[in-house]
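The chains referred to below are lettered A, B, ... by the order of the sequence lines, with proteins before strands, and numbering in each begins at 1. Because the structure is predicted, anything quoted here is derived from the model rather than measured.
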Amino acid sequence: MLKLDPIWQPDSQQKQFRLLLEAMSRPGECYAIATIPEDGSVALSVLATLLDAEVSLADPDDLLRIEDWPMLQAKPELSEQADYILCDGAHPPDFIPKIGTLACPEQSATLLLVVEELGQAINSQSALKMKLTGPGIAASSILSISGLNPEWLSVREDWIDSFPLGVDWILVDKARITALPRTTKVELL
Amino acid sequence: MTMDMIERTKWLAALTAIPSAELMLLTEELSKGWEIKPMSVPQSGLGMLKLNDTAFAEPFYMGEFPVASAWLKITTPDGHTAEGAAQVMDDRIEVAEAHALCDAILSGHLPGHDRVLTMVEKGLAIREETRLERKRILAHTQVDFSLLDDVGDEKGVPNA
C-alpha cells in the first residue's frame, strides 16, 4: 500500500551495507552507491543503511530535510557527542567529534562527508590529491577529492593521532562512496 | 454520533475490534488516487513486555508480542492533507497502515470519513459487548468471603 523509496527497504540496505563494508576494507577505493534515492541526497542512502533509533546523529550543516529525521529514527545530537556526523566537506569543521576511549575506542564518531567529486584522477584544479597507505591498501593508492576543505585533513591528523582512538570517514559525492578509516595514513600530494 | 464525540485515542482501540480484512478493504477503496507518503519507516516485529516481580520488585520480561507501526501523510487530488499513525498488536505492516489511514481520514475529515466513523462505532459496540461479557464472567467467579463466618473455625465453633 505505502510506496517506500528503495533506500528504506531491507534488500537495498543489505546491498548498501555490503558496499560500506567493502569500502571500509579498501580505503580510498571508490564504489558506485548501490541505491540512489528517488528524492533526497545520496548521503541519505548511506544514513538509512547505518542508522536506527539506538544511535545519534548530528547535522551541523543542515543537509537533511525535516522529514528525513523521523525516517532515520536517530536521535539528534550535538556534533561533539554524536555517533554519526553528516557534514558538508566544503565547509571547514568547527567541532571536535568523539574519538572514543582506550577501553572503548569503538565509541567514536563516524563522519559522513559530502563532497563534490571523488575519484582516482579528477580534472579539477581545486581537487585535493592524496596518497593513501595503511591496512587494506596494497603498497599505496591515490585518491582525489574535489569539494573538500583542506582543513578537514589537518584536523583528521589530530583526531587519529592517538590510535586506537580516532574517527572514521565515509565520503560521498553524487553517486559514489569511499572510506577513510582511522588506520589510513593520508599524505597530500 | 459524530467523531468529535469520540476521543481520538479511542479510534484505534475501536477499529482493532473490526476484522482487519474488512478494514483493509475499506481503506484500499477509500485511498484510491491519493498520494500516501510514509513519515517514518513502517515496521513490524516483536515487543517485549517488561514487568516488576512483586517479591523483589525486580524487572523481568513476561513475554513477547507482535507489534506493527505506521505513520503516514495523505494528500488527496484536491490538495487536502492529513497525517495519521497507528501502533497495533499484529505482525502485519499492512494492518498498521490501514489503521494509520483510518486515523488520518478521521482526523483530516477526508472523503469517506463517515464510513470510517461507522466502523469506529461498530468497533466500540463490539468492545462494549466484550466488556459486559467479561463483567458477567467476573461476577460469576466472585466469592463471598462473609459466608465463611457462618461456617465457624476448625472446631466448628461459630466465629464471634
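For F56(B), the CZ atom is loosely surrounded, since the number of other residues' heavy atoms within 6.0 Å does not exceed 12. No more than 12 heavy atoms of other residues, nucleotides or ligands shown are found within 6.0 angstrom of CZ on F17(A). The environment of CD1 in I66(A) is sparse: at most 12 heavy-atom neighbours from other residues, nucleotides or ligands sit within 6.0 Å. Annotation for K10(B): atom NZ does not count as buried by contact number, only 12 or fewer foreign heavy atoms lying within 6.0 Å.
The side-chain heavy atoms of V41(B) and Q73(A), taken from C-beta on, include a pair separated by under 4.5 Å.
Neither the backbone nor the side chain of Q9(A) comes within contact range of chain B; no heavy atoms are under 4.5 Å apart. For K37(B), the parts lying under 4.5 angstrom from a heavy atom of chain A are both the backbone and the side chain.
The shortest heavy-atom contact between M71(A) and P38(B) is SD-O, 3.8 Å.
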Listed pairs under 3.5 Å, donor-acceptor, residues 95-103 of chain A side chains, sequence neighbours left out:
| unit_1 | atom_1 | unit_2 | atom_2 | d |
| --- | --- | --- | --- | --- |
| K98(A) | NZ | D83(A) | OD1 | 2.6 |
| T101(A) | OG1 | C104(A) | N | 3.0 |

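Once rounded to the nearest 0.5 Å, the distance linking CH2 of W69(A) with OG of S40(B) reads 15.5 Å. Distance check: L101(B) CG to L2(A) CG gives 7.0 Å after rounding to the nearest 0.5 Å.
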